[in-house]
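First the structure, in the form of structure tokens, and then the observations on it.
These numbers were taken from a predicted model, which means no experiment stands behind them.
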Amino acid sequence: MNKIPLIFVLIFSIFNSNAQNKTITTSGDILQLAIPAVAFGSTFIWNDDNSQPTWQFIKSYGTGLILTQALKRLVLEKRPDGSDNYSFPSGHTTSAFSGAAFIQQRYGWKYGLPSYVLASYVGFTRVQAQKHYPWDVLGGAIIGIGTSYLFTKPYSKKIVDVSLNRINGGYTIGLNYSY
């Protein structure tokens with residue numbers, strides 16, 4: 001028996017129940033706040049004093065949300081469910097992708113890839129709940145990623161810093177170990 005059609009039937013049945021749809025929507029609502037909350041919290045745990053990571057996060061997240069809200073009021077696109085005219089871009093997706101992009105930019109793909117997968121799930125939940133069209137989600141993702149890339153610098157914790165200085169016709173070598 002061909003397993004591919006069976007997989008599609010299984011996926012359709014999983015996402016076709018109202019109770020399950022509500023659970024999916026709620027999980028997206030939670031993740032759109034949890035991802036940036038983890039990103040923000042990380043700035044206090046892995047704080048390399050020179051780059052001011054908390055301020056980087058505030059600038060990137062805040063800029064993304066302000067831009068999203070401004071575009072919602074300029075574009076005035078009706079939501080798929082007809083509830084209002086603020087469909088484009090998706091604020092949930094902007095929030096999730098802003099947090100994910102901050103994590104990826106700051107700490108690398110090892111942590112960024114799972115964050116992007118979760119952020120993509122948030123976008124899926126918005127389309128599934130008929131709150132957004134796919135291009136609304138794409139717009140939110142572009143804003144979230146773009147603002148984070150604009151303001152976020154990678155985390156750098158030097159283990160050993162070597163310096164060479166000339167003093168009175170001679171040289172000194174300095175080693176500074178930080179952990």
Side-chain angles (χ1 to χ4, degrees), residues 15 21-158 178:
F15 294 117
N21 285 345
K22 181 67 175 159
T23 301
I24 291 167
T25 301
T26 302
S27 64
D29 292 342
I30 293 168
L31 281 172
Q32 69 104 9
L33 296 173
I35 298 168
V38 167
F40 182 66
S42 74
T43 67
F44 297 103
I45 297 168
W46 293 284
N47 183 352
D48 54 347
D49 296 324
N50 297 331
S51 67
Q52 301 175 339
T54 305
W55 183 236
Q56 290 177 28
F57 176 82
I58 291 169
K59 287 191 295 189
S60 63
Y61 191 75
T63 303
L65 292 184
I66 290 168
L67 184 57
T68 296
Q69 292 305 314
L71 283 171
K72 282 180 176 292
R73 279 137 184 86
L74 288 172
V75 175
L76 296 174
E77 178 184 48
K78 193 170 218 53
R79 291 184 187 271
D81 68 358
S83 61
D84 62 37
N85 292 329
Y86 300 119
S87 187
F88 182 85
S90 167
H92 280 64
T93 309
T94 298
S95 177
F97 273 92
S98 181
F102 180 87
I103 291 168
Q104 183 271 314
Q105 275 290 96
R106 188 104 175 107
Y107 310 111
W109 283 104
K110 179 179 178 181
Y111 302 105
L113 185 60
S115 300
Y116 278 125
V117 168
L118 291 173
S120 298
Y121 175 76
V122 171
F124 163 78
T125 67
R126 302 310 289 162
V127 173
Q128 172 270 331
Q130 295 185 344
K131 293 293 183 183
H132 292 287
Y133 298 104
W135 53 83
D136 301 337
V137 168
L138 179 62
I142 290 169
I143 292 168
I145 293 169
T147 56
S148 286
Y149 270 55
L150 185 63
F151 293 111
T152 307
K153 293 180 177 47
Y155 173 72
S156 62
K157 181 114 176 146
K158 294 181 181 177
S178 60

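Contact of the Arg126 side chain with the Asp136 side chain is not registered, since no non-hydrogen atoms from C-beta on lie closer than 4.5 Å. You'll find the side chain of Lys153 stays beyond 4.5 Å of the side chain of Gln52, heavy atoms only. Counting heavy atoms from C-beta on, the side chains of Arg106 and Ser42 never come closer than 4.5 Å. Proximity of Phe97 to Val122: side-chain heavy atoms (C-beta onward) are nowhere separated by under 4.5 Å.
In the model, Tyr149 has a side-chain atom that pairs as donor or acceptor with a side-chain atom of Gln104 under 3.5 Å.
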Query raised in the report: Does the side-chain hydrogen bond (donor to acceptor under 3.5 Å, both in side chains) test come out yes or no for Thr68 and Thr94, once each step is laid out?
Result: CA-CA 7 Å; Thr68 296; Thr94 298; 2.9 Å; yes
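We find the NZ-OG distance between Lys110 and Ser115 to be 12.5 Å, quoted to the nearest 0.5 Å. Put simply, CD1 on Ile145 and CD on Gln105 are 10.0 Å apart, with the number rounded to the nearest 0.5 Å. With rounding to the nearest 0.5 angstrom, the CG atom of Leu71 is 12.0 Å from the CD1 atom of Ile66. In this structure, the separation between CD on Gln56 and CG on Leu150 is 11.0 Å, given to the nearest 0.5 Å. Atom OG1 of Thr147 is separated from atom CD1 of Ile142 by 12.0 Å, given to the nearest 0.5 angstrom. Atoms CG and CG, from Leu76 and Asp84 in turn, are 10.0 Å apart once rounded to the nearest 0.5 Å.
Across every non-hydrogen atom of Thr93 and Ala141, the tightest pair is CG2-N, 3.7 Å. The two residues Pro89 and Gly139 make their nearest non-hydrogen contact at CB-C, 4.0 Å. For the residue pair Ala96 and Ile35, the shortest heavy atom distance occurs at O-CG2, 3.6 Å. Of all the heavy atoms in Ile143 and Gly64, the pair that sits closest is CG2-O, 3.7 Å. In plain terms, the two heavy atoms of Ser87 and Lys72 that are nearest each other are O-NZ, 3.9 Å. Ala101 approaches Gly144 most closely through the heavy-atom pair CB-O, 4.2 Å.
Because its NZ or CZ atom is not both nearer than 6.0 Å to the ring centre of Tyr86 and within 45° of the ring axis, Arg79 does not count as a cation-pi partner of that residue.
Every residue two or more places apart in sequence or in another chain that forms a ring-ring contact (aromatic ring centres under 6.0 Å, His included) with Trp135 is listed here: Tyr133. Scored by the ring-ring contact (aromatic ring centres under 6.0 Å, His included) test, Phe57 finds Phe40, Tyr61, Phe102 as partners (sequence neighbours excluded).
For the side chain to side chain donor-acceptor pair (under 3.5 Å) test with Asp81, the passing option among His132, Lys131, Gln130 is Lys131; the others fail.
Aromatic ring centres of Phe151 and Trp55: separated by at least 6.0 Å.
Ser95 contributes no side-chain N or O that, together with a main-chain N or O of Gly91, makes up a donor-acceptor pair within less than 3.5 Å.
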